[in-house]
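Scroll down for the structure; my scribbles are underneath it.
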Amino acid sequence: MIDLLLRDVVTAVAPEPVCVAVHDGRILAIGPTLNYVAKQEVAGNGRYLIPGFVESHLHLDIALSNDPHKPGRTVPYASMSELNAAIERRRRAFTHEEIVERATAALRLGLRHGTTAVRAQCHLDTEIGLKHIVALQAVKEAVADWLTLQIVAFPQQGLLRDPRTLDLFREAFRCGADVMGGAANIETGFTMQEHIDAAFALAMKLDRDLDIHADLSLKPDVTLDDLEVVHIARRTLDYGYQGRVTVGHACTLDSASPEVAAQAIALLQEADITVTSQPDLYRLGREDRQHVRRGLTRVKELLAAGVNVTYASNNVRDALRPLGNLNLLEEALILAYGAHMDTVVELETLLRMSTTNAARALRLPDYGLEPGCIADMVLLDAPSASAAIVGQAEKCYVFKAGKLRAMNKRQSQLTMNN
């Protein structure tokens with residue numbers, strides 16, 4: 001007897017209904033008819049099966065710290081500097097227990113919406129020390145049975161302004177951090193090239209992947225050398241780090257001329273760098289009084305050039321965005337509006353961006369819907385990817401390594417065999 005059998009589901013590669021057999025946490029077989037007896041059996045009835053959603057860029061340690069549903073907690077938008085100041089004030093007061101409680105609640109919200117893996121940005125600086133890293137490491141261990149969590153050491157106050165910072169980062173990786181972070185825009189007293197080079201140096205010394213916030217400004221008329229993503233791409237090629245670097249945001253690409261943007265995108269493709277778009281449309285361009293910009297990167301041009309592109313929630317109910325539900329299907333709809341991705345093919349691409357593309361960014365092993373893959377799966381109450389995004393389909397079942405971890409009871413059709 002196998003563990004699980006899903007009957008009559010459709011997938012991206014199987015538009016006609018198939019069965020999916022799962023045993024010992026992995027997909028055993030896929031076919032039109034499978035005659036296994038299973039401990040659990042699901043009637044798919046033509047609904048759409050996808051691999052688990054992958055949240056590739058989330059500031060988890062501050063998530064839910066500004067929940068608009070709690071009276072007195074919402075901070076209205078004022079300016080970017082004031083929002084950053086609000087984050088600075090709040091994080092100094094966070095306790096270990098509070099970070100663990102909020103982060104766990106956020107991950108459960110994500111699981112409810114089909115997320116089975118998360119890359120979490122985590123504040124690290126000499127003022128708060130390892131507090132956030134230690135808290136998220138405790139969360140990582142506690143949720144390991146139902147969610148894969150990667151921790152990015154994020155330099156909230158830069159890498160170079162305080163000579164103690166690099167030693168603190170080395171200690172963070174001994175405490176459980178997985179990925180080296182970077183954000184040249186918050187470094188003071190040093191150039192963006194110096195910040196990026198320092199992040200690369202530490203990542204390579206520790207043999208870690210690199211995930212860098214890049215080009216968050218909307219400054220027009222930038223040259224190729226002004227773009228942070230260009231320096232990152234060049235260094236990636238110089239150091240042979242292809243396939244191990246992700247850049248988040250990349251908003252300045254949209255403000256660059258088409259010619260400059262095309263050259264930058266070609267470099268990103270050559271360096272095999274993932275670009276993570278943040279479709280929250282909340283902060284950037286707030287000061288514009290005409291032709292208001294929205295702060296998205298050039299998603300369609302990047303995809304057309306063969307760049308691995310994903311999108312993510314970024315900030316969820318914190319001072320930097322008091323909105324969001326850790327629901328990548330919802331973020332897909334927002335990006336569909338913002339990036340003008342409305343055809344069936346483009347909507348299908350959006351779903352791949354938050355599943356297979358994001359899994360590639362995180363370098364998740366054995367991910368997908370093929371025999372031998374880990375059975376991280378979500379059954380959507382829709383017949384196709386495009387219908388799921390347009391209709392914001394319910395997540396009927398969420399499986400992690402073949403085990404049922406979340407379900408919508410109203411939509412479920414699950415039977416148990418002894």
Side-chain angles (χ1 to χ4, degrees), residues 54 56-57 117-122 124 148 150-155 158-160 165-170 172-174 176-187 190-216 224-253 261-278 297-298 302-303 305-312 353 356-365 367:
V54 178
S56 54
H57 185 119
V118 171
R119 176 175 280 185
Q121 306 283 331
C122 183
L124 179 64
T148 300
Q150 291 183 0
I151 302 172
V152 181
F154 175 72
L159 287 170
L160 300 170
T165 299
L166 292 178
D167 283 339
L168 182 67
F169 268 72
R170 295 184 185 96
F173 286 103
R174 288 191 285 270
D178 302 292
V179 179
M180 181 65 196
N185 65 301
I186 55 179
E187 188 78 69
F190 295 87
T191 66
M192 71 93 166
Q193 292 89 347
E194 289 171 321
H195 177 95
I196 290 166
D197 290 351
F200 263 102
L202 190 54
M204 291 186 297
K205 184 175 181 62
L206 299 175
D207 191 22
R208 303 288 180 158
D209 289 358
L210 191 58
D211 193 316
I212 306 181
H213 292 57
D215 292 316
L216 277 80
L224 194 66
D225 289 338
D226 290 331
L227 290 169
E228 295 170 24
V229 294
V230 168
H231 187 69
I232 293 167
R234 288 170 175 165
R235 284 292 183 259
T236 300
L237 293 167
D238 290 343
Y239 300 142
Y241 236 55
Q242 293 95 321
R244 301 193 64 178
V245 179
T246 296
V247 297
H249 300 277
C251 308
T252 317
L253 272 181
Q263 294 176 68
I265 289 170
L267 276 170
L268 288 166
Q269 191 278 332
E270 182 183 0
D272 192 15
I273 289 174
T274 291
V275 175
T276 302
S277 176
Q278 317 297 347
T297 192
R298 293 177 178 263
L302 287 158
L303 289 166
V307 176
N308 187 51
V309 185
T310 182
Y311 59 87
M353 287 166 64
T356 53
N357 289 19
R360 176 180 165 188
L362 271 64
R363 299 208 291 156
L364 297 179
Y367 175 92

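Looking at every heavy atom in both residues, Met180 comes nearest to Ala199 through CG-O, 3.7 Å. The minimum heavy-atom distance linking Ile212 with Ala183 is given by the pair CG2-N, 4.3 Å. The two atoms that bring Phe169 and Leu202 nearest to each other are CB-CD2, 3.5 Å, heavy atoms only. Ala264 approaches Leu253 most closely through the heavy-atom pair CB-CD2, 3.7 Å. Of all the heavy atoms in Ala198 and Leu160, the pair that sits closest is CB-CD2, 3.8 Å. Here the closest heavy-atom approach between residue Ile151 and residue Cys122 is recorded as CG2-CB, 3.9 Å.
By the 4.5 Å heavy-atom criterion applied to side chains, Asp167 and Arg170 are counted as neighbours. Considering only heavy atoms from C-beta on, Phe200 stays 4.5 Å or farther from Asp238 through its side chain.
Listed for the Ser56 side chain is no donor-acceptor partner under 3.5 Å among the backbone atoms of Ala358. At distances below 3.5 Å, at least one donor-acceptor pair connects side-chain atoms of Tyr241 with backbone N or O atoms of Ala203. Of the possible donor and acceptor atoms, one in the side chain of Glu228 sits under 3.5 Å from a partner among the backbone N and O of Asp215. Between the side chain of Thr310 and the backbone N or O of Met353, at least one donor-acceptor pair lies under 3.5 Å. Looking at Gln150, its side chain never comes within 3.5 Å of a backbone N or O of Val179 through a donor-acceptor pair. When atom types are taken as modelled, the side chain of Glu187 and the backbone of Leu159 share a donor-acceptor pair closer than 3.5 angstrom.
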Give the table of side-chain donor-acceptor pairs shorter than 3.5 Å for residues 267-274, with sequence neighbours excluded, one pair per line with atom names and distance.
| residue | atom | partner | partner atom | Å |
| --- | --- | --- | --- | --- |
| Asp272 | OD1 | Arg360 | NH2 | 2.6 |
| Thr274 | OG1 | Asn308 | ND2 | 2.8 |

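Of the inter-residue distances, the one linking Leu124 atom CG with Leu168 atom CG reads 4.0 Å to the nearest 0.5 angstrom. Note that CG of Asp226 is 9.5 Å distant from OG1 of Thr252, once rounded to the nearest 0.5 Å. Taking CG of Leu227 as the start and CE of Met192 as the end, the distance is 7.5 Å to the nearest 0.5 Å. Here the OG1 atom belonging to Thr148 is positioned 10.5 Å from the OH atom belonging to Tyr367, to the nearest 0.5 angstrom.
Checking His195 against Asn185 by side-chain atom types alone, no donor-acceptor pair falls below 3.5 Å.
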Residues Phe190, Asp197; criterion side-chain contact (heavy atoms from CB on, under 4.5 Å); working and verdict = CA-CA 11 Å; Phe190 295 87; Asp197 290 351; over 6 Å; no
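Counting only residues at least two apart or in different chains, side-chain hydrogen bond (donor to acceptor under 3.5 Å, both in side chains) contacts with residues 201-210 comprise Asp207-Arg244, Asp209-Arg244, Asp209-Arg363.
Judged as a side-chain hydrogen bond (donor to acceptor under 3.5 Å, both in side chains), and not counting sequence neighbours, Gln242 has no contacts.
Aromatic ring pairs are classed by plane angle as parallel below 30°, tilted from 30° to 60° and perpendicular above 60°; the pair His57 and His249 is perpendicular.
Looking at Ile265, Leu302, Thr246, Leu303 one by one, the single match for side-chain contact (heavy atoms from CB on, under 4.5 Å) with Val275 turns out to be Leu302.
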